[in-house]
S.K.: 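Here it is: the structure, laid out below.
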There are 2 protein chains.
Amino acid sequence: MTEKISDRIPSGERREQILAAASLVFGERGYFGATTDQIAKAAGISQPYVVRMFGSKENLFVEVLARALDKLLVTFNATIDGWKADGSPADQIGRLLGTAYVNLIEDRGILLSLMQAFSMGHDPVIGAQARKGFIAIYTLLRDDAGFEPERVRTFLAEGMLLNTLLGLRLPEEYGLDEAATELLECTFQTKLQMVLDVVGEKSA
Amino acid sequence: MTEKISDRIPSGERREQILAAASLVFGERGYFGATTDQIAKAAGISQPYVVRMFGSKENLFVEVLARALDKLLVTFNATIDGWKADGSPADQIGRLLGTAYVNLIEDRGILLSLMQAFSMGHDPVIGAQARKGFIAIYTLLRDDAGFEPERVRTFLAEGMLLNTLLGLRLPEEYGLDEAATELLECTFQTKLQMVLDVVGEKSA
DNA sequence: GTCTATAGGCGGATAGAC
DNA sequence: GTCTATCCGCCTATAGAC
C-alpha cells in the first residue's frame, strides 16, 4: 500500500501525456538531440515506461509527427470549410489560413517538431513521412483553398520563415537587438504578443 | 618505411578537408545525428584525428557554421557591390541575390549545415551564433541592398522555403509525384536542373 | 500500469606509439 | 602528422518485480 490508486492512470491517457511531452522535447532538441529520459522526466514517469509504451524512440517520433501533421491539416480544412460556408470574399482565405497557422503555434512543441522533421529528409522512415505530409499540405492549399501554385509557394515560404524564427529562438532577442525586433514585428504583426508569451513560458 | 611521405599532409590543408567533409555530414544528419566517425571516414582519416584537430565535436560544428555564414555574407556583399558598380536597375538586386543564393547551394553541405543551425536556437553556444548570423543577413539586406523591412522578410521567407525543400529531400520526388514536381518547378524555375544534379550526386 | 535494475552498444575523447 | 587501442559516459532497450 505504498502507492495510491490515483498513481495508476489509464494507458490511453498516459499515451497522450507522453506524446505531449515528447512533442515539446523533440521540438526543443530535435530527434537525435532529445533523449527518452528527458521525455520521461517531462511526462513525470520513468524512462523505460516511455519505451515500453511506444516500442522505440523512433516509433514515438513517428507518432508525434503524425499527430502534428494531422492537426495542421484538420485546422486548415476547418478554416477553408468555414470560409466557404459563410461566403467570405475570395481574397480573405490567405489571411485566414495564416492566422490559423500562427494560432497553432500555441501548441508550441507540435510545430517545432514538424520543423525538425522537415530537416530529416535523409532518414528513410521519418523523411518519407515528412515529405508525404508536406505534399499533402501543398495539395490542400492548391485544391481546397484554390490557390495558384505560385500563391501556394508564397504561403509556404512565409510559414517556413515563421518556423525558422521560432527554431532560432529569435523572439528572445526582442527588445534587445534593433534588427531582430524589426524583423519580428514585421513578421508576426498583431500576433507578436502571443508569440512572445509562448516563448516566455520557458521559464515555467 | 611502411608509409609514404605523401600521406602526411600539412595541417592547414587537412583542416580544410575535414571542414568540407564535416559540412557535408552535418548537413545530412544534423549536429546530434552526425558522428565524428562518419566525418572522419568522409575525410579519409581516423576518428581521433578529427577530434584532436578541433578539440571537440562542438568546436568543429561552430567552425563549420562560421564558414558557412561567412561565405553567404561575402557572396551577398560581392553581389551587391557588383550591382552598384555597373548601375543595374534598382529592381534587379532581388533577382541577383536570389540567383546568388541558389548558386551557393552547389556547396551543398554548407547551406544544409546553416539550416541545421537555424533549428538549434535552444543550444547556448550554437544557437547564439546562429541568431547572430541570421541577424547579420537581415541587416545586410536592409542596409546594403536597401530593401524595405517587408521586402527583406519576403526574401528571407523564399530562402527558408528553398532550405526546407532541400532538407526534406523533396527533389527526390521530382517526376514521381505530381504535386511535388509542380512545387519544385515553381520554386526553382530555371535553376531546377542544377538542384536536381546536386541531389543526384548522392549516388557518387 | 509502473518501477528498479541493468544489459548492451555507441560515440566522444584521451593516451601513447610511430 | 597520423594511427591504434581503449576508456568512460550516456542512452536505448530489456527483464522482471510489484
Side-chain angles (χ1 to χ4, degrees), chain A residues 1-22 24-26 28-65 116 120 122-126, chain B residues 1-22 24-26 28-65 116 120 122-126:
Chain A
M1 214 219 271
T2 62
E3 63 179 83
K4 297 163 293 182
I5 286 291
S6 57
D7 287 345
R8 298 167 55 89
I9 75 176
S11 76
E13 204 169 315
R14 263 302 184 223
R15 269 187 90 84
E16 298 307 319
Q17 287 179 355
I18 298 175
L19 284 166
L24 260 276
V25 179
F26 280 135
E28 286 293 322
R29 319 271 236 236
Y31 175 66
F32 293 108
T35 71
T36 53
D37 193 54
Q38 289 163 351
I39 293 167
K41 283 200 170 59
I45 59 176
S46 70
Q47 178 269 330
Y49 192 27
V50 170
V51 175
R52 162 81 50 116
M53 184 84 83
F54 290 88
S56 71
K57 179 183 178 180
E58 183 176 72
N59 288 157
L60 173 55
F61 187 82
V62 165
E63 185 80 26
V64 166
L65 175 54
Q116 293 290 345
M120 290 189 61
H122 169 269
D123 186 279
V125 175
I126 298 169
Chain B
M1 213 220 269
T2 60
E3 63 180 80
K4 296 163 294 181
I5 285 291
S6 57
D7 286 345
R8 297 167 55 88
I9 74 176
S11 77
E13 204 169 314
R14 265 299 186 227
R15 268 186 92 84
E16 298 307 318
Q17 287 178 354
I18 297 175
L19 284 166
L24 260 275
V25 178
F26 280 134
E28 287 291 321
R29 321 274 241 246
Y31 175 66
F32 293 108
T35 71
T36 53
D37 192 55
Q38 290 163 352
I39 293 167
K41 284 198 170 59
I45 57 176
S46 72
Q47 178 268 329
Y49 193 27
V50 171
V51 175
R52 161 82 49 118
M53 184 84 83
F54 291 88
S56 71
K57 179 184 177 179
E58 183 177 73
N59 288 159
L60 173 56
F61 187 82
V62 165
E63 184 80 28
V64 165
L65 175 54
Q116 293 290 344
M120 290 189 64
H122 169 268
D123 185 279
V125 175
I126 298 169

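Numbers restart at 1 for each chain; the letters A, B, ... are given by sequence-line order, proteins then strands.
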S.K.: Measure from CZ on B/Phe32 to C1' on D/dG9 and round the result to the nearest Å.
M.R.: 16 Å
S.K.: Between B/Ile45 and B/Met53, is there a side-chain heavy-atom distance shorter than 4.5 Å?
M.R.: no
S.K.: Which whole-number value in Å describes the distance from B/Leu60 CG to C/dG12 C1'?
M.R.: 12 Å
S.K.: Which pair of heavy atoms, one from A/Ala22 and one from A/Val64, lies closest together, and at what distance?
M.R.: CB-CG2, 3.8 Å
S.K.: Closer to the 5' end of DNA chain D via nearest nucleotide, is it B/Met53 or A/Tyr31?
M.R.: B/Met53
S.K.: Please report the distance, rounded to the nearest Å, between CG in A/Asn59 and C1' in D/dT14.
M.R.: 16 Å
S.K.: Send over the distance from B/Arg15 CZ to D/dT2 P, rounded to a whole Å.
M.R.: 13 Å
S.K.: Considering only heavy atoms, which members of residues 39-49 of chain A lie under 4.0 Å from some atom of DNA chain D?
M.R.: A/Gln47, A/Pro48
S.K.: How long is the line joining CZ of B/Phe54 and C1' of C/dG12, in whole Å?
M.R.: 15 Å
S.K.: Take B/Glu63 and B/Phe54 through the test side-chain contact (heavy atoms from CB on, under 4.5 Å) and record every step on the way to the result.
M.R.: CA-CA 9 Å; B/Glu63 184 80 28; B/Phe54 291 88; 4.1 Å; yes
S.K.: Restricting to non-hydrogen atoms, name the atom on A/Ala34 and the atom on A/Phe26 that form the minimum distance, rounded to 0.1 Å.
M.R.: CB-CD2, 3.6 Å
S.K.: Take atom CZ of B/Arg29 and atom C1' of C/dC10, then tell me their distance rounded to the nearest Å.
M.R.: 14 Å
S.K.: Tell me which one of B/Thr36, B/Ile39, B/Thr35 satisfies side chain to side chain contact (heavy atoms under 4.5 Å, CB included) with B/Lys57.
M.R.: B/Thr36
S.K.: Across the strands shown, which category fits A/Arg52 at heavy-atom distances under 4.0 angstrom: base, sugar-phosphate, nothing?
M.R.: base
S.K.: Check whether any side-chain N or O of A/Thr36 sits under 4.0 Å from OP1 or OP2 of D/dC11, and answer yes or no.
M.R.: no
S.K.: Quickly work out the A/Lys57 NZ to D/dC11 C1' distance and round it to whole Å.
M.R.: 8 Å
S.K.: Heavy atoms only: give me the nearest A/Met120-A/Gln116 pair and the separation to one decimal.
M.R.: CG-O, 3.4 Å
S.K.: Return the CD1 to CZ distance between B/Ile126 and B/Phe61, rounded to the nearest 0.5 Å.
M.R.: 5.0 Å
S.K.: Would you indicate which nucleotide in D/dT2, D/dC11, C/dG12 comes nearest to any side-chain atom of B/Arg14?
M.R.: D/dT2
S.K.: Just how far, in rounded Å, is C1' of D/dT12 from CZ of A/Phe61?
M.R.: 17 Å
